[in-house]
Amino acid sequence: MTTRIAVICAMDSEAAHLRQQLVGAAEQPLARWRRTRGTLAGVSVDLIVSGIGMVSASATTSALCLLDPPDLLLNYGCAGAHRLDLGPGDVIIGDRVVHFSAQIVRPDGTRDYMGFDYVADGARVQTGSIPTAPELVALAQRCAAQVRLPAWPGYATMPSVHTGTVASADIWTQHSETILSLHDLHGSLCEEMEAAAIAQVAAIYGIPFLPVKDVSNNELLKATGGATERGWPSLGEQELEVGRRAAMLVEAILVEVGSGAPV
């Protein structure tokens with residue numbers, strides 16, 4: 001039986017890197033979202049563009065799990081670093097995810113992180129983080145040892161691959177002290193806006209999940225792109241680079257699954 005893997009990206013510019021590698025690629029929309037179907041190394045791949053943000057990611061993943069559930073679910077794309085040693089082009093294999101905007105603001109202004117609270121199979125789940133599929137983490141780490149990632153434009157050092165916590169929220173944190181406090185609280189390596197939502201829906205439906213993120217900016221080092229008039233990140237000249245290295249690792253994972261690697 002052929003393994004079918006769904007891959008979710010927030011932006012079409014991120015998805016483009018993997019889409020061009022698919023054999024027999026054909027557009028087959030998933031409800032209201034763009035889905036490209038094809039194969040890679042004998043693996044059936046659904047590449048879906050969710051749109052940016054937690055609501056878009058959860059809506060897309062819910063539709064997927066209801067209408068056409070995959071065997072495995074991957075998510076890749078860009079992220080902002082939470083550590084000084086992480087630079088543009090570095091890749092994060094997420095072994096757990098946190099939803100860092102899930103918090104209570106107390107009357108005195110202090111904030112308590114609340115974690116996840118959801119129902120799966122009729123049982124209430126309350127957890128500070130959602131672990132990702134350990135077999136997929138191990139597979140990604142094996143693939144990372146074999147993949148040569150290109151340097152980010154303007155950087156002499158080659159990208160490195162790290163395993164750790166991915167933090168999600170509909171927030172772009174630019175304040176250095178806040179970034180460091182998030183890292184201290186969660187042990188997070190990076191932040192983005194989709195993985196925790198996808199992880200929660202995947203957990204509800206019992207589908208193994210793995211996020212792979214590449215660093216596009218490090219506000220601690222002021223290594224970031226421009227911004228739009230609304231203040232959100234602008235891809236600018238780096239549009240072809242964003243998500244590229246994470247896509248290369250995801251491609252390697254798919255090839256390994258196609259070769260019979262256990263997952």
Side-chain angles (χ1 to χ4, degrees), residues 4-22 25-38 40 44-80 91-94 97-102 116 118 130 132-133 136 166-172 190-216 228 230 232-235 239-240 242-247 249-251 253-254:
R4 192 165 65 83
I5 300 179
V7 182
I8 296 177
C9 294
M11 299 183 292
D12 199 67
S13 55
E14 295 168 330
H17 301 296
L18 183 59
R19 185 180 293 118
Q20 64 186 2
Q21 304 302 323
L22 297 180
E27 296 298 314
Q28 296 186 25
L30 172 73
R32 295 180 178 273
W33 292 277
R34 182 179 183 182
R35 174 174 61 180
T36 308
R37 275 192 157 165
L40 186 59
S44 177
V45 179
D46 280 6
L47 179 59
I48 305 160
V49 179
S50 66
I52 297 171
M54 300 285 274
V55 173
S56 294
S58 60
T60 306
T61 310
S62 295
L64 173 69
C65 293
L66 278 169
L67 300 175
D68 205 0
D71 299 305
L72 306 172
L73 179 55
L74 308 179
N75 162 238
Y76 79 84
C78 61
V91 173
I92 310 299
I93 299 168
V97 296
V98 297
H99 180 191
F100 70 87
S101 64
F116 294 89
Y118 60 93
I130 296 178
T132 60
L136 289 177
V166 174
S168 304
D170 286 315
I171 298 171
W172 179 25
C190 65
E191 68 174 60
E192 47 77 88
M193 300 179 181
E194 294 83 28
I198 298 171
Q200 182 171 334
V201 176
I204 290 171
Y205 285 91
I207 297 175
F209 169 68
L210 178 73
V212 179
K213 302 292 172 176
D214 57 17
V215 174
S216 60
T228 65
R230 295 183 60 202
W232 289 102
S234 173
L235 299 179
E239 182 173 0
L240 296 179
V242 171
R244 179 184 170 198
R245 290 149 192 83
L249 181 51
V250 167
E251 180 184 352
I253 293 170
L254 295 172

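Just so you know, these numbers come straight off a predicted model, no measurement behind them.
Using a cutoff of 4.0 Å between basic side-chain nitrogens and carboxylate oxygens, Asp46 and Arg37 are scored as salt-bridged.
When the salt bridge (Lys or Arg N to Asp or Glu O under 4.0 Å) test is applied to Glu192, the partners found at least two apart in sequence or on another chain are Lys213.
A distance-only check finds no donor-acceptor pair linking the side chain of Asp214 to the backbone of Val91 [under 3.5 Å]. In this structure, the side chain of Asp170 does not engage the main chain of Gly53 through any donor-acceptor pair within 3.5 Å. Formation of a donor-acceptor pair under 3.5 Å by the Thr132 side chain with backbone atoms of Gly94 is found in this model. Formation of a donor-acceptor pair under 3.5 Å by the Tyr76 side chain with backbone atoms of Glu14 is found in this model.
A salt bridge (Lys or Arg N to Asp or Glu O under 4.0 Å) check over residues 49-58, counting only residues at least two apart or in different chains, returns nothing. Within the structure, no pair that satisfies the salt bridge (Lys or Arg N to Asp or Glu O under 4.0 Å) test touches residues 193-208, not counting sequence neighbours.
The distance from atom CD1 of Ile253 to atom CD1 of Ile93, rounded to the nearest 0.5 Å, is 6.5 Å. Rounded to the nearest 0.5 Å, atoms CD1 (Ile204) and OG (Ser62) are 7.0 Å apart. To the nearest 0.5 angstrom, Ile5 atom CD1 is 12.0 Å from Leu47 atom CG. Atom CZ of Phe116 and atom CD of Gln200 lie 6.0 Å apart (nearest 0.5 Å). For the atom pair Ile48 CD1 and Leu73 CG, the distance stands at 8.0 Å (nearest 0.5 Å). In this structure, SG in Cys9 is found 11.0 Å from CZ in Arg34, a value given to the nearest 0.5 Å.
Here the side chains of Asp12 and Arg19 are in contact, with some heavy-atom distance below 4.5 Å. In this structure, Ile198 and Pro211 have side chains that are not in contact, with every pair of non-hydrogen atoms separated by 4.5 Å or more. Taking 4.5 Å as the limit, some side-chain heavy atom of Arg35 sits within range of a side-chain heavy atom of Asp68. Side chains of Leu64 and Ile207 form no contact here, defined as non-hydrogen atoms less than 4.5 Å apart. Residues Leu74 and Leu136 are in side-chain contact: their nearest non-hydrogen atoms beyond the backbone lie under 4.5 Å apart. Contact of the Leu18 side chain with the Leu254 side chain is registered, since non-hydrogen atoms from C-beta on lie closer than 4.5 Å. For the pair Met54 and Ser168, the minimum side-chain heavy-atom distance is below 4.5 Å. Side chains of Ile130 and Phe209 form no contact here, defined as non-hydrogen atoms less than 4.5 Å apart.
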Give the intermediate values and the outcome of side-chain contact (heavy atoms from CB on, under 4.5 Å) for residues Cys78 and Met11. CA-CA 9 Å; Cys78 61; Met11 299 183 292; 4.0 Å; yes
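Ala199 and Val97 get closest at one heavy-atom pair: CB-CG2, 3.4 Å. For the residue pair Ala63 and Leu30, the shortest heavy atom distance occurs at O-CD1, 4.3 Å. The heavy-atom pair separating Gly51 from Ser56 by the smallest distance is O-CB, 3.7 Å. Cys65 and Val201 make their closest contact through SG-CG1, 4.2 Å (heavy atoms, listed as atom of the first residue, atom of the second, distance).
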